[in-house]
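Sequence lines set the chain letters: A, B, ... in the order given, protein chains first and strands last, and positions in each chain run from 1. The shown structure was predicted, so the numbers you read here are calculated from the model rather than taken from an experiment.
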Amino acid sequence: MADKQSTKPPGGTRDFLPDDVRRREYVIDVVRRVYERYGFEPLETPAFENIDTLLGKYGEEGNKLIFKILKRGEHEGTGEADLALRYDLTVPLARVVAQYQSELPKFFKRYQIQPVWRADRPARGRFREFYQCDIDSIGSTSALVEAETLSAVSEILLTLGFSDFVIRLNHRGVLSSLLDLAGVPSSKHAGALVALDKLDKVGRDGVAKEFAQRGIEDAAAAKALAYFVDRESVDVLGHTNDGVANLMAIMELVKGTRAHGHVRIDSSLARGLSYYTGAIMEIAVEGIGSLGGGGRYDNLIGMFLGRDVPACGFSLGLERIIVVMTERNMFPARVAGGGVDVMVTIWNDESRADALALAAELRNGGLRVDVYPEADKLGKQFKYASSRNVPCVAIVGDDERAQGLVAIKDMQSGEQTAHRREEVAGAVARKLELRT
RNA sequence: GUGGGCGUAGCUCAGCGGUAGAGCGCCGGACUGUGGCUCCGGAAGUCGCGGGUUCGAACCCCGUCGCCCACCCCA
């Protein structure tokens with residue numbers, strides 16, 4: 001035997017066991033279907049990029065969190081890196097848009113569901129490898145794009161069974177206008193936004209304290225707090241402000257979409273990423289953090305292309321959605337339960353072929369069928385089925401065989417019924433139907 | 001990166017100087033045509049790793065690695 005090694009996956013990464021994968025695929029399937037119904041097309045990009053593609057796109061803090069890949073060969077010892085793991089899905093998209101501009105439609109809408117990596121310190125609910133589900137619309141500055149984005153995201157949440165969500169909406173232009181108006185120098189805008197972003201975590205006093213730590217004068221800080229925390233932004237700026245006008249336009253368009261009633265303008269929403277230029281949005285669910293966020297970034301693609309191309313996107317945090325849905329029991333029985341609808345028992349060695357034939361018939365009926373792999377005490381076979389959460393067990397014993405019947409036991413109620421061979425699949429299907 | 005806590009059976013943890021424990025899970029039996037409940041039995045740990053103190057270390061000391069919590073940042 002080799003020495004005992006740690007069998008845990010690296011910190012911040014996870015193995016997905018069958019029950020986990022079933023949940024993930026259910027959510028991904030809903031996400032994909034909705035996005036496609038909104039006209040978004042699939043895109044996949046490599047797990048790693050040239051490091052220069054990523055550096056400088058996520059702010060100073062972001063640079064540190066990029067997973068770098070050492071140069072191979074003789075450079076390996078120097079710590080030099082030329083490649084890096086994908087940090088999000090937006091920057092790779094920007095690269096793709098710049099690279100294939102002639103092949104892509106004028107208005108390019110894509111969705112992308114892939115893992116991203118961050119060299120972060122793992123913490124509760126935070127991983128170094130996690131999935132993002134992104135949609136982005138390239139090529140238009142119209143507020144209609146934001147409205148459609150908000151609608152698609154809302155439709156996903158509604159389909160998954162969320163009803164208590166609010167999408168907070170704000171605008172980078174509004175934020176900077178207000179900071180200007182409060183007298184915060186533009187060199188301190190970024191810091192002020194970071195502080196502001198923590199409002200719901202540290203409260204008004206906490207933000208005030210951090211304003212002070214970041215060297216923002218008392219008078220300016222007090223004004224800023226009044227504008228943001230006390231939500232007077234629209235009144236202060238008036239409808240002639242570009243940002244405010246844009247938010248109003250989005251809110252008007254949202255009325256006709258699935259997002260109606262779920263979007264709320266919130267002047268304290270800041271969001272960390274530095275590349276946003278216009279509207280910014282974030283999903284808030286009662287009692288939990290963000291389930292995703294997004295916004296408009298009209299300059300990012302220009303960093304690759306040399307001329308600006310407008311863009312707006314949204315990223316759903318798959319992991320958090322799954323955590324919340326699991327906590328709240330929001331998965332359908334077929335997903336939350338086991339991966340098998342019915343298990344066929346083996347009566348004895350002579351009847352094995354017949355058990356396989358029965359399994360084939362049940363499978364033809366659209367059922368997920370497992371066959372116990374060997375003849376064993378019936379009690380053990382039932383115990384196994386029970387431990388795997390299999391809802392129905394099929395038995396063809398000597399008595400059943402003599403009458404041309406199959407016995408089906410409902411593992412939940414304990415009730416057992418006999419059915420003619422050709423009716424078994426239908427009977428099991430009806431039982432499962434009642435369950436959900 | 002800074003501060004604090006914890007590493008003992010597959011899992012959750014007790015023991016805190018004198019030969020390694022419990023609960024849950026697992027395996028077997030009571031029950032050779034029926035799981036969940038109950039009872040009985042069993043397997044299972046170089047007590048994270050390395051060094052030191054001691055007659056004796058899971059326990060005390062030093063180092064190291066890993067994990068967790070807070071700060072930071074984010075989905």
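Under the stacking definition used here (centres under 5.5 Å, planes under 30°), the residue A:Phe130 qualifies as stacked on the base of B:A75.
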Protein-nucleotides 36-40 of chain B N/O pairs under 3.5 Å:
residue : atom : partner  : partner atom : Å
B:G36   : N2   : A:Gln412 : O            : 3.3

Give me the distances for all protein-to-nucleotides 30-32 of chain B N/O pairs that come in under 3.5 Å?
none

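A:Tyr297 and A:Tyr276 have perpendicular rings, their planes meeting at more than 60° on a 0 to 90° scale where under 30° would count as parallel.
The P atoms of B:U12 and B:C67 are separated by 15 Å, rounded to the nearest whole Å. Across B:G56 and B:G63, the matching C1' atoms stand 23 Å from one another, rounded to whole Å. One P atom belongs to B:G3, the other to B:C62, and the distance between them is 16 Å to the nearest Å.
Here A:Lys64 lies out of heavy-atom contact (under 4.0 Å) with every strand. Looking at heavy-atom distances under 4.0 Å, A:Arg401 makes no contact with the nucleic acid at all. Counting non-hydrogen atoms under 4.0 angstrom, A:Glu129 reaches nothing in the nucleic acid.
Partner of A:Ser413 under the side chain to side chain contact (heavy atoms under 4.5 Å, CB included) criterion, out of A:Lys409, A:Gln416, A:Glu415, A:Met411: A:Glu415 alone. With respect to A:His262, the side chain to side chain contact (heavy atoms under 4.5 Å, CB included) criterion is satisfied by exactly one of A:Leu150, A:Thr257, A:Leu158, A:Leu157: A:Leu158.
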Derivation of the side-chain contact (heavy atoms from CB on, under 4.5 Å) call for A:Asp88 and A:Lys57: CA-CA 10 Å; A:Asp88 71 357; A:Lys57 309 301 189 300; over 6 Å; no

Verdict with supporting geometry, A:Leu93 and A:Ile138, side-chain contact (heavy atoms from CB on, under 4.5 Å): CA-CA 10 Å; A:Leu93 169 69; A:Ile138 309 296; 3.8 Å; yes

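The existence of a salt bridge linking A:Asp29 and A:Arg33 is confirmed by a sub-4.0 Å separation between a basic side-chain nitrogen and an acidic carboxylate oxygen. Salt-bridge check for A:Arg22 with A:Asp19: passed, with a basic side-chain N closer than 4.0 Å to an acidic carboxylate O.
No side-chain N or O of A:Ser267 forms a donor-acceptor pair with one of A:Tyr227 less than 3.5 Å apart.
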Annotated protein contacts, base or backbone, on nucleotides 1-7 of chain B with a non-hydrogen cut-off under 4.0 Å, one of B, S, - each: BB-----

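One cannot find a donor-acceptor pair under 3.5 Å joining the base of B:U34 and the side-chain atoms of A:Gln381.
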